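So the structure is just underneath, and the comments pick up after that.
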Protein chains: 2
Amino acid sequence: MSDRVDSDEADALLKAAGLRITKPRRAIARVLADAHDHPDAEQVLARAREHDPSISQATAYRTLAALAEKGLLRTHTFDGSATRFEVANRPHHDHLIDVETGEVREFVSGEIERLQRRVAKEHGYEIIAHRLELYCRKAG
Amino acid sequence: MSDRVDSDEADALLKAAGLRITKPRRAIARVLADAHDHPDAEQVLARAREHDPSISQATAYRTLAALAEKGLLRTHTFDGSATRFEVANRPHHDHLIDVETGEVREFVSGEIERLQRRVAKEHGYEIIAHRLELYCRKAG
DNA sequence: ATAGTTGCAAACGTTTTGCAATGGG
DNA sequence: CCCATTGCAAAACGTTTGCAACTAT
């Protein structure tokens, strides 16, 4: 019900990373906590500057790197483009990337995951993590 | 038995891409045909320069881009680092990575591929390419 | 002959870094 | 108070591009 929840989530990210809580970092963490997409550093910076216009590019990159290094953000490098970020505490999903627009859709397929486990098992392994990306174009 | 095979393979790559056969391109294609690893552009250039030291960076990038665009090279972008290349004339496969030893096994699952196409179709897309990596540990 | 290709160098987009000033614990 | 953090600007990095000279067909 209360907005405080979001603010707490942002601070929690920073604390979990062992980072001092500062105004720029709070704005950046807030952006990530609120994001429903997979923004790259430039987009994170632009959004954070709506809260605090004085934030520098360097701080955005440094904060993102620190959070990612501590495992609090997941990073995706779709093809050769800019690294995109998302908070890591959300349920697993895979990605479908529109190669023409760069749009990213999330999906989950229990069947695919089951088959992945079967493949792993056939090789004598169990899956710790996986990455599945579908590079697509709109069907004609 | 004969070395000519390699040279032909390099030329075949260029012809298949509809590119004129030139000395720099032949050297680059040769490097790719001979590669047993996944070199990035800089490595391809360095190796090609052993055959022809006058090759420019621009030509390396342009040739790699042309071959990749025609589907004759596969590209991998591990993390955010430089794009790596490999000739695409080997059958498609996915990767199972042993997170403890780093060993990489290749596998193919027609069923998974079929489900991938179904997922894409459900979103109104067709798959251009995909990447599937299973990070595993040996089953207890 | 002529369209495709080249090397060079400059530009590009993303990310990192050196530094002096600032500010959080 | 002290060290982490900041903004700035410049540099680093991988990659692309404009251009005039060259070359395969």
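Computed from a prediction, not measured in an experiment: that's the story for all the values here.
Comparing F85(B) and T22(B) by the nucleotide of DNA chain D whose heavy atom lies nearest to each, the residue mapping closer to the 5' end is F85(B).
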*Could you walk me through whether D98(A) and K138(A) pass the salt bridge (Lys or Arg N to Asp or Glu O under 4.0 Å) test, one step at a time?*
CA-CA 7 Å; D98(A) 184 322; K138(A) 283 209 168 66; 3.5 Å; yes

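Atom CZ in F78(A) sits about 16 Å away from atom P in dT14(C), given to the nearest Å. Nucleotide dA24(D) holds its P atom 15 Å from the NZ atom of K15(B), rounded to whole Å. The separation between E42(B) atom CD and dT15(D) atom P is 9 Å, rounded to whole Å. To the nearest angstrom, P of dG25(C) lies 10 Å from CG of D11(A). In this structure, CG of L64(A) is placed 14 Å from P of dT14(C), rounded to the nearest angstrom. In this structure, I21(B) places its CD1 atom 6 Å from P of dT25(D), rounding to the nearest Å. Rounded to whole Å, the distance from CD on Q43(A) to P on dT15(C) is 11 Å. Across the protein-nucleic acid pair, K23(B) atom NZ and dT6(C) atom C1' stand 13 Å apart, rounded to whole Å.
For the pair R131(B) and E133(B), the salt-bridge criterion is met [side-chain N within less than 4.0 Å of a carboxylate O].
Phosphate contact (OP1/OP2 of dT6(C), side-chain N/O of R25(B), threshold under 4.0 Å): present. Between Y61(B) and the phosphate of dT16(D), there is no side-chain N or O to OP1/OP2 separation shorter than 4.0 Å. Taking only side-chain nitrogens and oxygens, T83(B) never comes nearer than 4.0 Å to OP1 or OP2 of dG14(D).
The side-chain heavy atoms of R47(A) and P39(A), taken from C-beta on, include a pair separated by under 4.5 Å.
Taking CG of L132(A) as the reference point, atom CD1 of I112(B) lies at 8.5 Å (rounded to 0.5 Å). With rounding to the nearest 0.5 Å, the separation of CD1 in I21(A) from CG in L14(A) is 5.5 Å.
By the side chain to side chain donor-acceptor pair (under 3.5 Å) test, R118(B) is found to be paired with E111(A), residues two or more places apart in sequence or in another chain being considered.
The two atoms that bring L45(A) and Q57(A) nearest to each other are CD2-CA, 3.6 Å, heavy atoms only.
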Distances under 3.5 Å between nitrogen or oxygen atoms of protein and nucleotides 7-11 of chain D:
residue	atom	partner	partner atom	Å
dG7(D)	OP1	S54(A)	O	2.9
dG7(D)	OP2	S56(A)	N	3.1
dG7(D)	OP2	S56(A)	OG	2.9
dG7(D)	OP2	T59(A)	OG1	2.4
dG7(D)	N7	R62(A)	NH2	3.0
dG7(D)	O6	R62(A)	NH2	3.2

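Listed nucleotides: dG25(C), dT15(D), dT5(C). Nearest to the side chain of R20(A): dG25(C).
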